[in-house]
Amino acid sequence: MAITQAMATSFKQQLLTGTHDFTNGTGDTFKVALYTSSATLGAATTAYTVTNEVSGTGYTAGGNTLTNVTPTSSGTTAFTDFADTTFSSATITARGALIYNSTEANAAVVVLDFGADKTSTAGDFTIQFPTADASNAIIRIA
């Protein structure tokens, strides 16, 4: 089992067919679900699954709804990102996460690999997204 950080290949194809709407406030709903080290997630992941999803106090199956940053561009790179999200008062251990589009059949967008198990015990479990710019945003098309 392994979690490999990647943009889902299916997501790349779906961008070309106009499946996803990242318009802030009126677009699709994007969520982030947390997974244990037993999960197998990577570029071939096509949709959200409950298999090996984290469970515990302060975590609800399906994860948190994300607030996206309005898509923009800089130079020749288009990008979007998300606001940090917190699972409050959580007692959980996660090895990675899946960002997915719950509006569009739970379609996979991006797999995040935390590099190691991350744990919170009756505390906040926060995912901090990178700066929303052409060099760092979580979703970049160059």
Where is the tightest heavy-atom contact between Ala47 and Ala105, given as atom of each residue plus distance? CB-O, 4.4 Å

If we ignore angles and hydrogens, is there a donor and acceptor under 3.5 Å between the side chains of Thr119 and Thr93? yes

Point-to-point distance, once rounded to the nearest 0.5 Å, from CD1 of Ile92 to OG1 of Thr36: 11.5 Å

Ignoring hydrogens and angles, state whether a donor on the side chain of Asn101 or His20 is under 3.5 Å from an acceptor on the partner side chain. yes

Quick check: is Leu15 connected to Val110 through a chain of hydrophobic side chains (ILVMFWY, heavy atoms under 4.5 Å apart)? yes

Quick one: OG1 on Thr72 to CG on Asn24, what's the gap to the nearest 0.5 Å? 12.0 Å

Shortest non-hydrogen pair, Ala39 vs Ile3, comes out as O-CG1, 3.7 Å

Of the non-hydrogen atoms in Ala137 and Ala132, which two are nearest, and what is the gap between them? CB-CA, 4.1 Å

Applying side chain to side chain contact (heavy atoms under 4.5 Å, CB included), run through Ile99 and Leu66 and close with a yes or a no. CA-CA 9 Å; Ile99 297 172; Leu66 296 171; 4.0 Å; yes

Under a 3.5 Å distance rule, please check whether Arg140 uses its side chain to pair with a backbone N or O of Thr77 as donor and acceptor. no

Hey, could you give me the OG1/CG distance between Thr60 and Leu34, rounded to the nearest 0.5 Å? 11.0 Å

Main-chain N/O of Thr19 paired to Gln14 side chain as donor or acceptor, under 3.5 Å: no

Taking only residues two or more places apart in sequence or in another chain, which ones pass side-chain hydrogen bond (donor to acceptor under 3.5 Å, both in side chains) with Asn64? Thr85

Please name the pair of heavy atoms, one in Ala108 and one in Ser10, separated by the smallest distance, quoted to 0.1 Å. O-OG, 4.3 Å

Say whether Met7 and Tyr35 are linked into one hydrophobic cluster, either directly or through other cluster members, by side-chain heavy-atom distances under 4.5 angstrom. no

Look at the side chain of Thr126 and the backbone N and O of Thr86, then say whether any donor-acceptor pair between them is shorter than 3.5 Å. no

With no hydrogens and no angle check, is any side-chain donor or acceptor of Tyr100 less than 3.5 Å from a backbone partner on Thr49? no

Less than 6.0 Å separating the ring centroids of Phe125 and Tyr59? no

Quick one: do Leu112 and Phe30 end up in the same hydrophobic cluster if we chain Ile, Leu, Val, Met, Phe, Trp and Tyr together by side-chain heavy atoms under 4.5 Å apart? yes

Grouping I, L, V, M, F, W and Y whenever their side-chain heavy atoms are under 4.5 Å apart, do Phe87 and Leu98 come out in a common cluster? no

Nearest 0.5 Å please: distance from the CG atom of Asp28 over to the CG atom of Asp21. 5.0 Å

If I take atom OG from residue Ser38 and atom CZ from residue Arg95, how far apart are they, to the nearest 0.5 angstrom? 11.0 Å

Ignoring hydrogens and angles, state whether a donor on the side chain of Asp133 or Thr131 is under 3.5 Å from an acceptor on the partner side chain. no

Can Phe22 be reached from Val111 by stepping across I, L, V, M, F, W or Y side chains whose heavy atoms are under 4.5 Å apart? no

Would you say Asn136's side chain and Pro130's backbone share a donor-acceptor pair under 3.5 angstrom? no

Could you list the residues that satisfy side-chain contact (heavy atoms from CB on, under 4.5 Å) with Ala61, not counting sequence neighbours? Tyr48, Glu53

Search all heavy atoms of Gly42 against all heavy atoms of Ala6 and return the closest pair with its distance. C-CB, 4.2 Å

Checking Thr67, Val69, Ile127, Asn68 against Phe82 for side-chain contact (heavy atoms from CB on, under 4.5 Å), the one that qualifies is Asn68

Nearest heavy-atom contact between Phe114 and Ala97 is CZ-CB, 3.9 Å

Side chains of Leu41 and Thr4 in contact at under 4.5 Å (non-hydrogen atoms): no

